[in-house]
Structures are given as C-alpha cells and as structure tokens.
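Everything below concerns the one structure shown next.
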Amino acid sequence: QYYMQIFLSIGHGGETGAIANDTTEFIEAKKVGDQVLGMLRNAGVQATMIPQGLGLSSRINWVNYRSKNDDFLIELHLDSFTGDANGSTMFYFRGNDWAREQAELLLETYTRETGLKSRGAKGDDQTRHERLGIIARTNPVAFLLELGFISNKKDLEVIRRDSASAVTNIILQYMGKDGITDETVPTWAEEGHEFVVDNSISDGTRPNDVITRAEVWTMLERLYQITK
C-alpha cells in the first residue's frame with residue numbers, strides 16, 4: 001500500500017526573501033513550516049521538509065527523486081508591498097482546471113481559519129517569474145501559498161498566530177482527513193494527557209500551544225507534590 005507523502009518547501013530555499021517589520025520572509029515562513037511539519041507528523045502524516053540551502057533546480061531534483069505524482073507539495077512564502085496591501089494568494093499549475101478548483105478550496109479554508117483576505121487562486125504563470133518551477137517541474141501535486149503580507153503588521157500577527165494550524169488543516173483537507181483544532185491531542189500524547197489531567201498537574205487544555213517557563217515550574221511543583 002502506498003501512502004501519500006507531503007513535502008513542505010520554504011520559499012527562496014534559505015535565502016532572506018522579503019524584509020519588513022524587523023524580520024524576513026524566510027524566518028517567518030520557516031517558523032510556520034516547522035510547526036506544520038510537527039503537527040502533520042503528530043497526526044500520523046508522512047511529511048518531509050525540503051532541506052534549506054538548495055537552489056531551485058536542486059530543490060526540484062531533491063523532490064522528484066523521492067516523490068510520485070500522487071504526493072502533495074506546498075511552498076510557503078510571504079508577500080510584500082510598500083503600501084498597505086494585505087491578504088493571501090494560492091498559485092497552482094496553470095491551465096489545469098482540477099488544480100485551480102483545489103487551489104480555490106484550499107485557499108478558502110486557509111482564509112476562513114485565519115481571517116485573512118483572499119486575493120484569489122492564480123495560475124503559476126501570473127507572476128513576474130512567468131512559471132513557478134516548484135509547481136511546474138515537480139512530480140507531486142504542487143501549490144505555492146503566499147501566507148499574507150510581511151509588510152502588513154496585522155497580516156504578520158495573524159500569520160504568527162494562526163497560519164501553522166490553518167496550513168496543516170488545508171493539507172489534511174486535501175488528504176481527506178479531519179482537521180486539527182487547538183484542543184486536538186496528538187495520539188502519542190494521549191496517555192500523558194490523561195495522567196496530567198487526572199493528577200491535577202495540568203488542566204489539559206491547549207495541547208498544541210507553546211509553554212512558558214512559569215507553567216513548567218508550576219507543573220513540576222505539582223508533580224513533586226504527588227510523588228514525594
């Protein structure tokens with residue numbers, strides 16, 4: 001039995017990309033991509049991040065050597081503009097009606113979950129690069145998602161807060177799987193979740209959220225109290 005592979009690509013292959021609001025496109029897209037990779041693996045999905053530092057042709061070759069036509073690839077970028085432009089765009093293989101429909105569905109889910117404006121699904125020839133190699137020259141079904149505008153502070157706040165779960169869910173949607181929520185406990189953590197809740201070490205909420213040092217101290221103290 002063959003299981004679909006998911007390939008995640010960070011735009012520009014490790015180079016800076018756009019710069020705005022004291023950060024770079026690569027830094028922000030990589031943060032989202034790393035979180036998506038973790039969430040997908042927690043959901044039991046065979047997901048891989050394309051290595052950084054490879055040029056476009058090398059990235060394409062790396063993917064094609066490891067993939068089949070039934071796999072899925074998404075490359076993450078952030079848009080930029082000198083004005084107050086905002087919103088998200090999904091690029092697909094031009095001239096393919098099925099790919100266009102999929103791009104529209106995935107973008108609809110992404111913008112619904114993030115609240116960002118949809119700038120529409122566009123063929124990969126509607127860019128200054130004419131064709132996008134990561135879409136046109138790779139084996140998997142491939143899309144490029146502009147998460148939002150790095151030059152727009154509101155977009156950037158949303159990207160940092162909501163994009164990882166939204167991107168994860170559009171991938172799971174494509175695979176026909178249930179999406180995750182903030183309260184979805186990964187399968188591998190279910191016993192631990194039950195233990196901390198039953199022993200009042202944690203309330204068990206926000207299983208996919210980050211943890212502060214203060215929260216760690218508190219939970220360690222509670223654990224100490226039940227084991228001493």
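Quick caveat, the model's predicted, so the values are computed rather than measured.
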Quiz item: Is the count of non-hydrogen atoms from other residues, nucleotides or ligands lying under 6.0 Å from Asp84 atom CG greater than 12?
Solution: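 No, the 6.0 Å shell around CG holds no more than 12 heavy atoms from other groups.
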Quiz prompt | Gln225, CD: over 12 other non-hydrogen atoms inside 6.0 angstrom | solution =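 Check passes, neighbour count above 12.
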May I ask you to decide whether [X] forms a salt bridge with [Y], counting only side-chain N to carboxylate O separations under 4.0 Å?
{"X": "Glu104", "Y": "Arg100", "result": "yes"}
{"X": "Arg94", "Y": "Asp124", "result": "no"}
{"X": "Glu75", "Y": "Arg59", "result": "yes"}

Quiz item: After noting the C-alpha distance and the side-chain angles of Arg137 and Ser57, does the key distance pass the side-chain contact (heavy atoms from CB on, under 4.5 Å) rule?
Solution: CA-CA 9 Å; Arg137 293 163 50 198; Ser57 293; 3.6 Å; yes
Looking only at heavy atoms, which two atoms of [X] and [Y] are closest? And how far apart?
{"X": "Phe143", "Y": "Ala99", "value": "CE2-O, 3.5 Å"}
{"X": "Ser202", "Y": "Met219", "value": "CB-SD, 3.8 Å"}
{"X": "Asn86", "Y": "Lys117", "value": "ND2-CB, 3.7 Å"}
{"X": "Ile134", "Y": "Thr138", "value": "O-OG1, 2.6 Å"}
{"X": "Tyr110", "Y": "Ser88", "value": "CE2-OG, 3.2 Å"}

Hydrophobic clustering (ILVMFWY, side-chain heavy atoms < 4.5 Å, transitive) - are [Y] and [X] grouped together?
{"X": "Ile74", "Y": "Leu132", "value": "no"}
{"X": "Ile135", "Y": "Leu78", "value": "no"}
{"X": "Met49", "Y": "Trp62", "value": "no"}

Please check: side-chain N/O of [X] versus main-chain N/O of [Y], any donor-acceptor pairing under 3.5 Å?
{"X": "Asn199", "Y": "Ile201", "result": "no"}
{"X": "Glu25", "Y": "Ala18", "result": "yes"}
{"X": "Glu28", "Y": "Thr24", "result": "no"}

Exercise. Run the ring-centre check on Phe72 versus Tyr174 and record whether the distance is less than 6.0 Å.
Key: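 Judged by ring-centre distance (under 6.0 Å), Phe72 and Tyr174 do meet the cut-off.
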Self-check item: Derivation and outcome, side-chain contact (heavy atoms from CB on, under 4.5 Å), residues Ile171 and Lys177
Solution: CA-CA 9 Å; Ile171 295 171; Lys177 294 178 175 287; over 6 Å; no
Quiz item: Given Phe26 and Leu76, is the side-chain contact (heavy atoms from CB on, under 4.5 Å) satisfied, shown in steps?
Solution: CA-CA 9 Å; Phe26 173 75; Leu76 305 178; over 6 Å; no
Self-check item: ring pair (Phe, Tyr, Trp, His ring centres under 6.0 Å) partners for Phe91, two or more places apart
Solution: none
